[in-house]
Amino acid sequence: MGIYDTLNEQQQEAVFCTEGPLLLLAGAGSGKTRVLTHRIAYLMDQGVNPYHIMAITFTNKAAKEMRERVDDLVGYGAEHIWVSTFHSTCVRILRRHIDKLGYGNSFTIYDADDQKSLIKQICKQYKIDTKMMPERKIINEISSAKDEFMTPSEYETRHQYDFKKKKIAQIYKEYQRQLKANNALDFDDLIFKTVELFQFHPEVLDYYQERFRYIMVDEYQDTNTIQFQLVSMLARKYHNLCVVGDDDQSIYKFRGANVKNILNFENVFPEAVTIKLEQNYRSTKNILNAANEVIKHNKGRKAKKLWTENEEGDLIEFHQYGTEYEEARQIIDKIEALSNEGYDYKNMAILYRTNAQSRVFEESFMIKNIPYRIVGGTNFYQRKEVKDILSYLKVVDNGLDDLAVRRIINVPRRGIGAATIEKINVYAVEHNISFLDACFSADHIETLGNAKKKINGFADLIRDFRRKMEEGSLEELFKYITEETGYIADLKAEETEEAEGRIENINELLNKVVTYEQEAEEASLSELLEEIALVADIDNLEDSDNRVVLMTLHSAKGLEFPYVFICGMEDGIFPSYMTVMSENDDDMEEERRLCYVGITRAKKKLYLSAAKRRMMQGRTQFNKVSRFIDEIPEQLLQLDKGINLKEKRPDKALFSANRGHKFRKPYQAKSFTSTKMDTLSYSVGDMVKHIKFGKGKVLEIVPGGRDYEVTVDFEKVGVKKMFASFAKLKKVE
DNA sequence: GCCTGTCGAATTTTT
DNA sequence: TTCGACAGGC
């Protein structure tokens, strides 16, 4: 039996349709990744050199998975296929050719924070009141302009009669100027500049057209205008472009994703073949029906209806709890029960609308000692200490990056203040040199006075680091930086838990550097920084990790779990307050698609829940049950006794009854560092400290898999069993 | 130049 | 509730 026999008719059709443009409308759980991987295998069967195949995915995780699955299928040659995200693809191309656009090839990538500081700086410079025009708005506006492939001058021309937008045009122009001066690109630029490169340098485009003769784009509904521009340019020569998407799962409109790309596809490629995949292999009938019923309320969508041969399955549970704490507790109790029935934690996921909702769960997981993992939220790479150290690396790598230099010039404290920095800046601008070069020639800056010595000290430090980079490994450089700057020493001196956590984070960063260096074929500082800039939190989600996963509905796209809990099903939470208030019906449709995505993540059983009363922004709110619950037919739902969906007004009596309930403060999360403990710092008989349970004596340590199960007799709470990597026990004397 | 305290804003989603 | 920005005092 061949590998293609396991596919259904439509899937086969899609796999065998290799020549010419193909639009694959693939519903949730319809096996589109299978189709894509089999299609690649088939192409190779047909004698296509894997070198000519390109697949673009949404996340690095998806890219990695696709490569592995193709590898399993064909057994050889998969490493030659170009599988990556839009952003990584563009970086790879730009690293080779961006000098043609007047940038240096070792450009830096600016993340959202960098963007914000730069914009802020410019606003100050142009005396723009950020109360009238918040930085966020400006950044979004610029970002949308770039999504539409609009240069600053084009933007200006288009909005010349709009006062506010004319201002933004100015900022946009200056922003681009400074980015270039810093030899930096923001996320949008990565795509923008690549398209520009192709536009102005047809010979480069031609090279890549020849290279990528077969192109596949996953999650096509989430591509924006310029991304579509990019792939259509590449495919213009051979027309072998296969895009896979589902308009019902388009949830990134706010980021410029353009569902019209799906409709447009047939306009740009009139000979395009369209194939629909409507059989769902993932969920039970009940889950799928609920999803279909909800999404049916959207008007602007391509007609389709998913069906499945899977069993009916359990009804969908819906519970309305008193408070968000109760909600969390009940969900976790359920998880514990499932675990006791023998289901792995990794089979369960909790999904929510906003990251802030994860807090309450963290605490409950801590108390119950159940391993969990939160995806997203404050990213590891956004932490202050991590950004500081990374900035040192960035400065060593790209001295033109003024932002990075300014960030670290006085971190740790060197007595260099705002006044001095401004003087250096003036000198740099006057002489048209970078900020760092101005530091190097501090002796020539007359206005500096006593600060000269300090600046020279800093300049020497950077020179020293550069020397170190020339002669040693990245690991050595890293350690050298943290030592010579005194960064870690300063933290140690603080002697607080917080500082200790920061040191842990720095060590975690060091781990990543070491891992990178071991795995890279040819390790370089630029490549390391680039990898760091382009990872999403979701990329780090290991399937082997047996933990309950918590994440936003957005992050969950493309994933599946046997047991899914969607919490906060309340109007004002999900759909979000912004959407409920919005005049634009499209916003609610996008929110509904998000709901559809959430529901269709579940394979076996779906739990929905809401709270009658919830703390938000320090205030208690009473929310109605989400309108999306109403949209699910009651016969698909299993409701609590006494609940009446028709009468959804908050129950005041319950509020007073529960008042005075004391809840503990949420545990401050340091959860990102997934400590893979090779050795434990304590052994049987030692006294250890747990963040919540206090002191206790270690009774037993049982190695299991990649972790240890530790039994501790706590003074206050008695005997508890816990996972070592999770509990973060500290030895006490 | 650095530290501290107060005030205001924030919570929609992210490669 | 929590975080960050900013002002004012040392």
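A, B, ... follow the sequence lines: proteins, then strands. Residue 1 opens every chain. Values below: all heavy atoms of this structure, side chains included; hydrogens, waters and symmetry mates excluded.
Between the C1' atoms of B:dT12 and C:dA5, the separation comes to 23 Å (whole Å). Nucleotides B:dT11 and C:dC6 are separated by 22 Å at their C1' atoms, to the nearest Å.
A:S555 comes within contact range of the sugar-phosphate backbone alone, with a heavy-atom separation under 4.0 Å but no base atom that close. Backbone-only engagement by A:I416 is indicated by non-hydrogen atom pairs under 4.0 Å involving sugar-phosphate atoms exclusively. A:Y577 comes within contact range of no nucleotide atom at all, as no heavy-atom separation falls under 4.0 Å. Counting any heavy atom pair closer than 4.0 Å across all strands shown, A:N355 reaches sugar-phosphate atoms only and no base atom. Counting non-hydrogen atoms under 4.0 angstrom, A:T420 reaches the backbone sugars and phosphates but no base. Counting non-hydrogen atoms under 4.0 angstrom, A:A112 reaches nothing in the nucleic acid. A:K384 comes within contact range of no nucleotide atom at all, as no heavy-atom separation falls under 4.0 Å.
A:R301 and A:D248 are joined by a salt bridge, as a carboxylate oxygen and a charged side-chain nitrogen come within less than 4.0 angstrom of each other. Salt bridge present: A:E219 and A:K32 bring a charged side-chain N and a carboxylate O closer than 4.0 Å.
Note that CD1 of A:I488 and CZ of A:R502 are 13.0 Å apart. Values are rounded to the nearest 0.5 Å.
For the pair A:E363 CD and C:dT1 P, the computed distance is 14 Å after rounding to whole Å.
Legend: residues meeting side chain to side chain donor-acceptor pair (under 3.5 Å) with A:S526, ordered by chain and number and at least two apart, are A:D397. Partners of A:K193 by side chain to side chain donor-acceptor pair (under 3.5 Å), not counting sequence neighbours, listed by chain and number: A:E196.
The residue among A:A418 and A:D188 whose nearest nucleotide of DNA chain B lies closer to the 5′ end is A:A418. With the nearest nucleotide of DNA chain B identified for both A:A536 and A:N410, A:N410 has the one nearer the 5' end.
A donor and an acceptor atom, one from each side chain of A:Y596 and A:N298, are nowhere located under 3.5 Å apart. Looking at A:Y110 and A:N182, their side chains do bring a donor and an acceptor atom within 3.5 Å of each other.
The span of DNA chain B lying next to chain A, judged by atoms under 4.0 Å from heavy atoms, is bounded 5' to 3' by B:dG1 to B:dT15.
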